[in-house]
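Labels below follow one simple rule: chain letters A, B, ... track the order of the sequence lines, proteins then strands, and each chain is numbered from 1.
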Protein chains: 2
Amino acid sequence: MAHGARGGRSGGRPTLEEVAARAGVGRGTVSRVINGSPRVSAATRAAVEAAVAELGYVPNNAARALAANRTDAIALVVPEPETRFFAEPYFSDMLRGVGAELAETQMQLLLIFAGNDRERRRLAQYLAAHRVDGVLLVSVHADDPLPDLVAQLEIPAVISGPRSAAETLTSVDSDNYDGARQAVEHLLARGRRRIAHITGRLDVYGAQRRADGYRAALRDAGYEADLRLIEVGDFTEEGGHRAMGALLDRCPDLDAVFAGSDVTAAGARRLLREAGRRIPDDVALIGYDDSAIARHMDPPLTSVRQPIQEMGRRMIDLLLTEIADRRPAPTRELEPRQLVLPAELVVRASS
Amino acid sequence: MAHGARGGRSGGRPTLEEVAARAGVGRGTVSRVINGSPRVSAATRAAVEAAVAELGYVPNNAARALAANRTDAIALVVPEPETRFFAEPYFSDMLRGVGAELAETQMQLLLIFAGNDRERRRLAQYLAAHRVDGVLLVSVHADDPLPDLVAQLEIPAVISGPRSAAETLTSVDSDNYDGARQAVEHLLARGRRRIAHITGRLDVYGAQRRADGYRAALRDAGYEADLRLIEVGDFTEEGGHRAMGALLDRCPDLDAVFAGSDVTAAGARRLLREAGRRIPDDVALIGYDDSAIARHMDPPLTSVRQPIQEMGRRMIDLLLTEIADRRPAPTRELEPRQLVLPAELVVRASS
DNA sequence: ATCACCTGTGGGAGCGCTCCCACAGTATCT
DNA sequence: AGATACTGTGGGAGCGCTCCCACAGGTGAT
C-alpha cells in the first residue's frame, strides 16, 4: 500500500494491465497492438482496440521511455539569441519544414535556444541527460563546440550547413557552389564582363563555397581570376557598403556585383546609389537567400534561393534514419551522409 | 540477464545505485542529495557530490518522471498557424518573458502549434498522455474548446486574456479597460470632443473591455453616450477601413478616433487620408498594442502598450504555483486567480 | 533512569511500460 | 508417423528512479 495513495489506483488513468484484463488477453499482447506489431491475430487486435477505446487508454510516456530507452523527442537547437530567430525568415522556413515532416510521426519537437552561456550550459545538461533521441543543429558557426559535444555524447545529429568539407556529422545543405555559378553565368549571359564578388564571412563554409563557385564560373568562361574584383565581407549591410566602396575604388569599371547575401547586397546598393551608379543600367546586382529584402528592394533584387523548407524536411528524414540505424546496434559505424539540395536563381530587375 | 545486453550495464550512463556504492551510502541518500533535501549531513552530502562528479552522473529523466509522476516540462500552446506566430511580435515578446522566467527553473518549455485540425488532435493526444506538468494558453478565442479540454484533464493551466468576466482558468491579462480610458482621457485633455471608437472583434473579451473603458471615460467626463460614434470592427486593416468610412458618413464632425488595434488604426488612417482628413490636425488617431506598425506609421501612431513580456513572466509564476499547489493534494480546490497588469499610453504624433 | 522526540540513513516496494523467453497450437516437410 | 517450423500468446524480469517506513543513535525533559 505504500504507493496506493500516490498513484490513485482507482480514479487515475488506465494502465496497460487494465486494458489487458478488460480485453481478456495478456499484457504483452496489448503492448503489441499498441505498437503496431504484425504478430497479432485480427480478432485479438479488435478486442484490444475495443478495450482501449472503452477505457480511454493512453500510454504512459515516462514508463515507455524508461523501459525502451528512448524519448520520442528531438531537439531543434538554435545557437542564436531568440531575437534573431524571429527576425530571420530562415528559421521560420526551417521550422515549417521540420514541423511538416515531423507531423507524420509521433515524435515531439523541442525548440531550444542556445544564444548565451547560461542557455548553453542548460543545453549541455539536457543533452547529457539524453532527454532527446536526436538533435538538429542549424546555423552553427565553424568554431562552435556544440557539434563535438553532440558527437561525444553519441547523440544522433544532423547539421544544416557542414562546417567544412570534412564534416563528420550528417549534414544537409543547399548547393552554394552551384548557386554562385548560376548567378555569375546569368550575369555573363547578359553581357557583363567585369563581375565583382563580395563574400560572406569566410569562416562560414557556405560562403567559401559561394566564392569557389564564383571563381569557377569565371574561369570556365575563359576569364582569368582578377583578385581585385573580390572583397571579403561579413554578411552584414555595413560590410556590404564598405566592401562596395573598396571595390569601386579599385575597379571603377566593374559592371556587376554578386553579393554573398541579400543583406550584403542592400549595403552595396546603398553605396552604388551614393556613387551615382544606376542599377541595373550601370551595375547589375545579385544577392543570395531570396529573402524579403530582395523582393522589396528598389529595384527588386535578383537572388539565389535556397530550398530551406525542403532542407528542414530532409534533415528530419536523415535524423530519423540515423536514430533507427543506431538501434539496437549502437556499435555499428555509420558513414556520415552529406546531402546537397539544388539552389535556384530568382531573376528580378536588378540584373 | 534478459536485459543485460540492452542497457549495456558496464559502458552506459551511471545510475543512482552506482553513485551510492561509490560514495558508500544508500540509494535514498543519494536521491536526497540530488533533490536538495535538507535532511542530509554536510559530510555525507560532500561525499555524494564527489561521487556524482567523478562518475559524471546525470539523473535519468524518464525514471524520475515515472516514479514521481511528473515531467518537468510545460507547454506553450499557440492556437494559430505558425505563420502568425512569426508575424506577430506578440508571440515573440511572450516567448521572451516565458523563457526568461523559466531559465531560473529546471523546467523545460515545449512550443506547440495548434493551428489546424490535425495539430489539434495531436495536442489532445499529447495532453491526454499528460506529457507536460502544465499548460500556457495564449491568444485563445472565446469559442475555443481547448481551455475546457485542459480543465477536464485537470492539467494546471494559465490563460493569457480571460475568455469572459467569469473565466474559470487562472489568467493573466493587461488592463484593457484602463488602457482604453487612458487613450480617451488623453484625447479629451487635448480638447477633442467628438471621439469615435472602432472596436475589435467583440467575441474577444479584451475588445469588450476596451469598449467599456471608452464609454466609461466619456461618461465620467460628462458626455452622454452617442452610439453613432461606435462602430464594430474585427482587428483587421480592412475592417478598420470599412468602419472608418461608416463613422465618417454618420458623423462627419468627429475629431478623434480610438481604434481597437494598431492594424485597425492603419485601416482607418488609409480612409481618413482618402477622405482628405489630416492627422492629427483634423482627426486625432490612437491605436492599441504599440506594435511596429505604430512606430512606423506616418505620422507615428499614439498607442496603448501592453506589458507582454511581463505577462509571460507572470503566467509562468502562476503556473508553477498552481503545479506546486496541486501536489500532492489534487483534491484541494483552488480558486482561479485573475491577474491584471497595467497598460500604458505611448503618445506620438498622431494625437 | 525512563520516556519522548528529534536527525540522518538504508533499502523495500512500486511506478507502467518493453523485451524476450517459453510454450501451445497448427501447418509443412520427410 | 515423426520431426521441423512457424504463428500467436502469456507473463517474468527489469528499466532507474521516488516515496516512505523502519531504525540507529543522539538530545532533552521528567
Starting from [atom2] on [N], measure out to [atom1] on [X] and report it in whole angstrom.
{"X": "R70(A)", "N": "dT18(C)", "atom1": "CZ", "atom2": "P", "answer": "7 Å"}
{"X": "I34(A)", "N": "dT18(C)", "atom1": "CD1", "atom2": "P", "answer": "8 Å"}
{"X": "L66(B)", "N": "dT18(D)", "atom1": "CG", "atom2": "C1'", "answer": "10 Å"}
{"X": "N61(B)", "N": "dC17(D)", "atom1": "CG", "atom2": "P", "answer": "10 Å"}

Contact summary for N35(A) and R70(A), nearest pair of heavy atoms
OD1-NH2, 4.5 Å

DNA chain C contacts made by residues 35-42 of chain B, counting heavy atoms under 4.0 Å:
R39(B), V40(B), S41(B)

Among V98(A), V78(A), V77(A), the one residue meeting side-chain contact (heavy atoms from CB on, under 4.5 Å) with L136(A):
V98(A)

Comparing S31(A) and V30(B) on DNA chain C - which has the more 5′ nearest nucleotide
V30(B)

hbond_proxy [X] side chain to [N] base (donor-acceptor, 3.5 Å cutoff):
{"X": "R32(A)", "N": "dG10(D)", "result": "yes"}
{"X": "R45(A)", "N": "dG8(D)", "result": "no"}
{"X": "R13(B)", "N": "dG16(D)", "result": "no"}

Pick the nucleotide of DNA chain D nearest each of A62(B) and G28(B); which residue has the one closer to the 5' end?
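The answer here is A62(B).
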
If you draw a 6.0 Å radius around CD in Q125(B), do more than 12 non-hydrogen atoms from other residues or ligands fall strictly inside?
no

Does anything in residues 109-119 of chain A form a side-chain hydrogen bond (donor to acceptor under 3.5 Å, both in side chains)? List the pairs, not counting sequence neighbours.
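Pairs touching residues 109-119 of chain A that pass the test: none.
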
By the 4.0 Å heavy-atom rule, please label R64(B) as base, sugar-phosphate, or nothing.
sugar-phosphate

Look at T29(A) and dG10(D) and indicate whether a side-chain polar atom (N or O) is within less than 4.0 Å of OP1 or OP2.
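Answer is yes, contact under 4.0 Å.
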
Would you say dC15(C) has OP1 or OP2 under 4.0 Å from some side-chain N or O of T15(A)?
no

Are the side chains of L318(A) and V172(A) in contact, using a 4.5 Å heavy-atom criterion?
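Heavy-atom side-chain distance check passes, below 4.5 Å.
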
Any side-chain donor paired with an acceptor under 3.5 Å for S92(A) and E82(B)?
no

Is there a donor in the side chain of T170(A) and an acceptor in the side chain of Q338(A), or the other way round, less than 3.5 Å apart?
no

